[in-house]
Amino acid sequence: MKMELIQPFINAADAVLAQGLHSPTTIGNLTMEEEAYRRKGVAALVAVTGDIEGRMIVDLDPQTAVKVASHFAGSELPESDTLVRETVCELANQVVGNAITALNDQGFHFRVHPPELHTSDQGGRSSEDTEAVVICFETSSGAVFMNIALRYNLRRQADRAARSGT
Amino acid sequence: MEQFAAIKRSKDGQPVRYLVVDDSVFARKNLARMIETFGGQIAGEAGDGMTAISEYDRTNPDIVLMDITMPQMEGIEAAEKIVLSHPDARIVMVSSVGYQENIVAALQRGARHFVQKPVKAEVLYEVIKYVLGEDGAVANAAGAGA
């Protein structure tokens, strides 16, 4: 996966987390994940279709999820609260939305799907054309993991090139 | 959260009534908290475009805050349907997907403005004042720390 696809997601997550938590984040390790995705705690998945397709998962261990959600909500939430999971979904939605906005400015066209709670412990394996990148953001509330697996939709690109005669 | 000088309806001095439409409960609560700091009142809530249309008919709000990406019916389509039957409806799109095509599509179908998520209260406040125009009045800021 090319860095030009990843960078808007990093920028968006950095901005959304910093604004919501009222403190700066530190971008930690960036790793490629070849094995099947293993959920760490409360995770939300947003699917993207269009010129680039795939999915992005935001994943937080349960304690961090509670701290982040409480910060965003402005009051202490219990771990069992639905609002904790809702907040992680909305966090994923905002990161993808802002990243897609930046990528759209570069000429890519997408459709963003509503976020879903990712409940299975394990996800699909990455493949050669949809390798996953995992980025860890260190925040004042704990580590927030972002797992991105995207690939260029070559058929759509070819169709558009044919239509424009290039 | 910061407190703003209350925005009231010019015609009767009553709080501005809002319909908040978002599939995320978190996002709705967050907007509701901001509306409270603007001195507004929640007239209704909806989690998808279909419900937004029926809630608009039921509550007749002064302002609609409408998400775009939602299940069943997306916000732009719902905005268009509401404006078709209520041409004076004031709809502000509130979405994380803020690219130009989306904004233009929303405005062409009747939305009055667009605010990108994450929402900053001060930005939303200014947009609300702008969209209400002469139908809104900022109350004297006695006791408010705007």
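A, B, ... follow the sequence lines: proteins, then strands. Residue 1 opens every chain. A quick note: this is a predicted structure, and the numbers were derived from the prediction, not measured.
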**Student:** Can you confirm whether B/Ser96 sits close enough to A/Val95 that some side-chain heavy atom of one is under 4.5 Å from a side-chain heavy atom of the other?
**Tutor:** no
**Student:** Checking A/Arg85 against chain B: side chain, backbone, both or neither under 4.5 Å from a heavy atom?
**Tutor:** neither
**Student:** When you look at NZ of A/Lys40, are more than 12 heavy atoms from neighbouring residues, nucleotides or ligands closer to it than 6.0 Å?
**Tutor:** yes
**Student:** Can you tell me how far the OG1 atom of A/Thr87 sits from the CG atom of B/Asn30, to the nearest 0.5 Å?
**Tutor:** 9.0 Å
**Student:** Hey, could you give me the CZ/CG distance between B/Phe26 and A/Asn93, rounded to the nearest 0.5 Å?
**Tutor:** 11.0 Å
**Student:** Is there a continuous path of hydrophobic side-chain contacts, each under 4.5 Å between heavy atoms, that joins B/Val115 to B/Val83?
**Tutor:** no
**Student:** Grouping I, L, V, M, F, W and Y whenever their side-chain heavy atoms are under 4.5 Å apart, do B/Phe4 and B/Val94 come out in a common cluster?
**Tutor:** yes
**Student:** Group every Ile, Leu, Val, Met, Phe, Trp and Tyr by side-chain heavy-atom contacts under 4.5 Å, then state whether B/Leu19 and B/Val127 land in the same group.
**Tutor:** no
**Student:** Quick check on B/Glu126: does its CD atom have over 12 non-hydrogen neighbours (other residues, nucleotides or ligands) under 6.0 Å away?
**Tutor:** yes
**Student:** Quick one: of B/Val97, B/Asp23, B/Asn102, who has the most non-hydrogen atom pairs under 4.5 Å with chain A?
**Tutor:** B/Val97
**Student:** Given that the side chain runs from C-beta out, which part of A/Gln19 has a heavy atom under 4.5 Å from chain B: side chain, backbone, both or neither?
**Tutor:** side chain
**Student:** Quick one: closest heavy-atom pair of B/Gly98 and A/Thr101, and the distance?
**Tutor:** N-OG1, 2.7 Å
**Student:** Test side-chain contact (heavy atoms from CB on, under 4.5 Å) on A/Glu90 and B/Lys29 and set out the steps.
**Tutor:** CA-CA 12 Å; A/Glu90 182 61 13; B/Lys29 278 185 183 287; over 6 Å; no
**Student:** Got more than 12 heavy atoms from elsewhere within 6.0 Å of CD, A/Gln106?
**Tutor:** yes
**Student:** Hey, could you give me the OH/CD1 distance between B/Tyr99 and A/Ile100, rounded to the nearest 0.5 Å?
**Tutor:** 7.5 Å
**Student:** Please find the pair of heavy atoms, one from B/Pro71 and one from A/Pro114, that lie closest to each other, and give the distance.
**Tutor:** N-CG, 4.0 Å
**Student:** Would a single hydrophobic cluster contain both A/Leu17 and A/Ile27, if residues Ile, Leu, Val, Met, Phe, Trp and Tyr are joined by side-chain heavy-atom contacts under 4.5 Å?
**Tutor:** yes
**Student:** Quick check: is A/Phe145 connected to A/Met32 through a chain of hydrophobic side chains (ILVMFWY, heavy atoms under 4.5 Å apart)?
**Tutor:** no
**Student:** So, taking the atom named NZ in B/Lys117 and the one named CG in A/Leu91, what distance separates them when rounded to the nearest 0.5 Å?
**Tutor:** 11.5 Å
